[in-house]
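Accompanying notes for the structure given below.
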Amino acid sequence: MFDRAKFWRYTRYTVLTVALLAAGFTLYLDFRVRSEFEGRRFALPARIYARPLELHAGLHIAQIDVVRELQEAGYGQGPREGDSGWFANDNDWLEVAVRPFVFWDGLQPAKRVRVAFDGGAVKAVQDAEGRELPLARLEPLAIGGIYPANNEDRVLVRLSEVPKQMVQALIATEDRNFYAHHGFDLRGIARAAFSFLRLKGLQGGSTLTQQLVKNFFLTPERTLSRKVTELFMAVLLEIHYDKDEILETYFNEIYLGQDRDRAIHGVGLASLFYFGKTVEHLTLAESALLVGMVKGPAFYDPFRNPERALERRNLVLRETKDRGFATMEEYSKARAADLGVSQKAAMGTSPHPAFLDLVHRQLRRDYDEADLRSEGLRVFTTLAPRVQTAAERALERKIAQFDRGKIFGEPGLEGAVVVTDTQSGEVQALVGGRDVRFRGFNRALDAARPVGSLLKPAIYLTALADPAHYTLVTPIDDGPFVWKSRGAPDWEPTNYDKTFHGAVPLRSALAHSYNAATARLGTDIGVEKVLATIKRLGIEREMQPYASTLLGAVDLSPLEVAQMYQTIASGGFRTPLRAIREVTTQDGRPLKRYALAVEQAFAPEPMYLITAAMQGVVREGTAQSLKNWVPLETAVAGKTGTTTEQRDAWFAGFTGDRLGIVWIGYDDNRAARLSGAGAALPVWGEMMAALAPEPLALPKPDGIENVLIDPESGLRADFACPGAVELPFALGSAPAERAPCASALGAAVEGVKQQAKSWMQRLFGR
Amino acid sequence: MRTLLAFLAIAVAGCATVRQPELGGPAPLPAPLPEPAARTENLAIAGLLDGARADAASGRLVNAAASLERALRIEPRNPRLWQELARVRLKQGDYAQAESTAARSNSWAGSDSALRAENWRLIAHAREARGDAEGAKGALEAAERQR
């Protein structure tokens with residue numbers, strides 16, 4: 001029996017329920033649209049910059065190196081009047097239109113710089129009018145970022161910065177009725193429905209507002225219910241916000257390509273990424289290319305599919321002209337232009353992930369992880385691109401060579417490099433493994449490996465700080481040595497060449513890295529005393545007070561070793577290694593500066609002596625082969641390190657301007673059968689040779705005098721002694737006794753010299 | 001070569017012994033020290049140094065330190081720059097850094113005793129400010145000894 005009244009009642013209830021549900025759903029969507037659109041600030045990655053290149057007369061740098069850095073920064077070759085971000089050059093001159101850049105100390109406006117080169121150095125720096133400039137700071141290279149979880153990268157722009165014709169091209173191509181509709185376009189929907197009915201699937205017909213909603217709030221699946229939600233939200237968005245707000249957000253949100261693991265979002269970043277210039281300087285043709293890519297950034301990728309991209313761009317140009325947004329003349333000019341994209345090496349989240357890792361860790365001491373990934377902080381680091389490249393190349397090349405020669409199976413040989421500035425402690429380069437672009441295990445920071453003989457300089461330094469007992473010529477017994485201690489097995493260090501050398505001068509024991517002599521010296525001085533020296537050199541890790549520690553039975557990372565050698569390289573001044581100079585907010589307000597700090601940890605005299613001894617290692621000891629890469633006049637001070645069964649090969653050394661640490665070995669600790677001199681030193685040598693190192697010349701401290709010594713006897717020599725060498729001594733510590741080779745005449749001369757000296761002292765009071 | 005040098009040494013020493021009696025009377029006055037150069041030859045350094053001094057004078061100490069560090073990257077062995085930085089650290093109230101930075105300047109000062117004396121005076125200031133009167137006294141004595 002059909003109950004009419006009941007039927008209507010149920011119908012009314014149903015309609016009411018549906019209406020209520022619909023209203024609730026709408027309210028929920030409205031809440032989401034408003035809260036998320038309003039509350040959503042784009043998460044901006046922290047942006048990391050290399051050190052800026054500062055050009056001045058006298059700087060040692062070849063033109064090609066400056067050009068390379070400009071190209072890396074996206075500068076194009078050939079003048080573009082009225083624009084910045086280009087360079088022009090001939091043999092002797094380089095002209096650069098430097099882009100404006102906000103440094104830590106404020107905005108540096110766009111400027112023209114002319115640089116004259118003379119061989120491998122800058123001869124003069126001038127402005128566009130030919131006036132001399134004392135110093136020209138170039139824009140620093142961006143070397144990566146600390147990104148939000150999905151690696152979205154973007155540079156925010158205001159709608160007013162976007163060229164008008166780009167806006168018009170977008171509207172002509174994607175949504176012709178944008179300014180008229182209320183979030184959806186009936187004709188578009190009809191078109192979509194038509195294609196749906198023809199079983200072509202759901203496609204197209206979205207307004208810009210719908211596209212924005214889709215990217216902003218929804219997942220990319222294509223279902224009918226999602227389409228309906230999208231439509232609802234688009235209408236709500238249009239109710240709450242005006243067209244310009246929606247457009248601006250669209251321009252910042254839109255996905256426009258991929259750079260390895262980094263997603264390029266927004267036209268601000270896309271302009272820089274594809275054309276190397278800011279969005280307001282894009283031409284019609286360039287704007288049209290970006291607009292064309294909206295439809296499918298991978299499909300229309302101008303690098304990989306240039307023909308497709310060109311076709312698509314020209315279609316966009318035609319639409320723009322047909323809608324009356326470009327004149328026939330503008331259209332034909334834009335159509336005739338080439339793509340204009342400047343291909344750069346893929347960078348991904350960073351081309352130098354190991355260095356970035358160090359920066360990230362230093363930042364985490366002062367900033368929240370969430371802030372680093374969203375606040376758009378700008379971080380100015382100490383990375384020197386030229387040094388980094390030299391370090392990467394040397395390590396890659398040498399490891400490939402060693403791997404070819406010695407087949408030990410997978411995984412292959414690994415390595416790490418750290419390079420710092422000897423004076424400031426700034427980390428100029430850091431390589432964390434043979435695959436230099438790989439983000440992962442960072443051996444420079446995290447591979448703690450036995451350091452072997454790298455600790456020896458600390459022992460000799462401890463000795464030389466006591467000139468009453470030890471000088472560079474003090475004989476040390478390199479005979480068989482046994483160390484007995486309770487509760488531990490006897491310790492009997494042997495030498496690398498399996499022989500003992502009897503009494504050897506202290507400096508030779510270091511130069512040839514004799515283990516027995518060093519163990520005897522170290523235990524004579526006292527292990528505790530040596531450990532105190534190591535600590536003062538800057539090693540914070542606790543070390544066991546065992547005698548075997550002396551010969552490097554201690555695990556340190558390359559970065560820790562760098563910190564220790566830094567103190568020696570800077571003449572006894574401990575300087576914390578730094579990778580960051582300054583941090584600013586997104587808009588350039590300074591937040592923090594990491595200042596240069598020094599602390600005098602050692603008197604200058606023993607540092608001078610140990611450095612001289614380490615120069616001996618390179619001149620006549622285990623690192624002699626370095627002369628194949630670096631001329632002897634550079635007077636490098638260094639130390640090789642090789643551990644048991646040659647599992648680890650090390651070289652640590654410094655020139656006048658740079659300290660470098662190289663480690664080579666296997667991750668799984670297999671015997672590499674490579675020595676410090678055979679494997680790590682060549683990497684160091686090849687790297688430094690590419691960097692034209694400054695010679696090492698320490699200032700001679702007051703408490704040091706040079707004395708001519710006969711190497712045979714270790715006694716005072718004179719001109720009559722063949723092969724006599726001049727060695728530094730703490731005042732009064734040089735041997736008084738004259739060598740047998742010294743002549744009687746020499747003794748007389750010596751007496752006269754002493755007299756002359758005392759006379760000079762009286763004359764000048766010093 | 002070495003032999004030649006040795007003979008030269010004899011020659012010079014010989015001259016000295018001959019001339020010594022002539023000057024044997026009253027102790028001669030020490031030769032006047034050259035005035036420290038107000039500006040270095042490097043224009044870039046001069047510009048940064050001027051900027052740093054202006055910043056320091058108007059209390060922008062962080063900027064002054066930054067400019068000096070920039071200059072030190074160009075000439076890390078210039079003791080004047082280290083000294084200027086020590087002066088800024090002193091003004092910043094970072095006495096430990098002021099002292100060690102002045103010591104760093106000393107390590108590059110060579111025979112420039114006026115510069116060394118000034119560094120020791122800076123060290124004396126820093127020590128006094130930290131309440132180390134004894135140490136300050138020692139530093140002032142060291143400053144005196146530079147002459």
Side-chain angles (χ1 to χ4, degrees), chain A residues 51 54-59 104-105 125 132-137 421-424 426 570-575 581-582 590 593 595-601 604 607 656-657 697-701 708 718-722 724 745-746 748-749 752-753 755-757 759-760 762-766, chain B residues 2-7 9-10 12-17 19-20 23-24 27-31 41-48 50 62-63 65-74 76-77 79 82 85 89 92 94 96-97 99-101 103-104 106-111 113 116 145-147:
Chain A
R51 60 96 190 87
E54 306 218 40
L55 298 173
H56 58 88
L59 178 70
W104 172 82
D105 50 6
V125 184
E132 193 167 359
L133 289 174
L135 195 58
R137 185 162 54 170
D421 177 303
T422 52
Q423 303 306 306
S424 64
E426 291 190 339
S570 67
F573 286 83
R574 192 165 50 219
T575 310
R581 288 179 184 171
E582 295 108 9
R593 233 179 71 74
L596 168 65
V598 294
E599 187 187 348
Q600 185 159 21
M607 296 315 292
D657 51 354
L698 284 190
K700 196 165 74 125
L708 207 57
D718 66 15
F719 62 89
C721 296
L745 177 61
V749 171
V752 172
K753 264 174 50 190
Q755 225 178 327
K757 204 164 154 190
W759 174 77
M760 296 284 272
R762 257 184 295 150
L763 184 63
F764 293 116
R766 52 194 320 252
Chain B
R2 188 157 277 137
T3 327
L4 182 70
L5 279 177
F7 277 117
I10 300 173
V12 169
C15 287
T17 37
R19 283 174 56 195
Q20 198 176 2
L23 296 165
L29 286 169
E41 280 166 35
N42 189 325
L43 276 176
I45 299 293
L48 289 167
D50 286 350
V62 177
N63 291 59
S67 293
L68 290 169
E69 285 182 33
R70 244 176 112 186
L72 276 168
R73 281 181 210 121
I74 298 170
R77 294 174 192 77
W82 286 103
L85 185 60
R89 296 281 183 248
Q92 286 179 314
D94 188 346
Q97 273 308 310
E99 175 166 353
S100 48
T101 307
R104 190 78 181 108
N106 263 342
S107 74
W108 294 117
S111 56
S113 43
R116 285 160 173 267
R145 277 200 303 276
Q146 299 305 317
R147 285 279 163 184

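In what follows, every chain begins at residue 1, and chains take the letters A, B, ... in the order their sequences are listed.
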Which atoms of A:Ser570 approach chain B - backbone, side chain, both or neither, heavy atom under 4.5 Å: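 Both parts, backbone and side chain.
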
Residue part contacting chain A, namely of B:Arg145, when any heavy atom lies under 4.5 Å: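 For B:Arg145, no heavy atom lies under 4.5 Å from chain A.
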
Residue part contacting chain A, namely of B:Leu85, when any heavy atom lies under 4.5 Å: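 Only the side chain of B:Leu85 comes within 4.5 Å of chain A.
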
Cation-pi geometry met for A:Arg581 and A:Trp104 (6.0 Å, 45°):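 Verdict for A:Trp104: no cation-pi partner in A:Arg581.
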
Max heavy-atom pair count under 4.5 Å with chain B, selected residue of A:Pro604, A:Gly58, A:Ala597: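 With the most close heavy-atom pairs to chain B, the winner is A:Ala597.
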
Residue selection (most heavy-atom pairs with chain B, distance under 4.5 Å) from A:Glu599, A:Arg593, A:Lys700, A:Glu582: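 Highest number of heavy-atom pairs under 4.5 Å: A:Arg593.
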
Worked check of salt bridge (charged side-chain N to carboxylate O under 4.0 Å, His left out) between A:Glu426 and A:Arg51: CA-CA 10 Å; A:Glu426 291 190 339; A:Arg51 60 96 190 87; over 6 Å; no

A:Arg137 with A:Asp105: basic N within carboxylate O range, under 4.0 Å: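 Yes.
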
Under 3.5 Å donor-acceptor, A:Gln423 side chain and B:Arg77 backbone: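 Side chain of A:Gln423 to backbone of B:Arg77: no pair is present.
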
Chain A contacts, top residue of B:Leu72, B:Thr101, B:Ile74, B:Asp94 (heavy-atom pairs, under 4.5 Å):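 Max contact count across the listed options: B:Ile74.
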
Verdict with supporting geometry, B:Arg70 and A:Glu54, side chain to side chain contact (heavy atoms under 4.5 Å, CB included): CA-CA 9 Å; B:Arg70 244 176 112 186; A:Glu54 306 218 40; 2.8 Å; yes

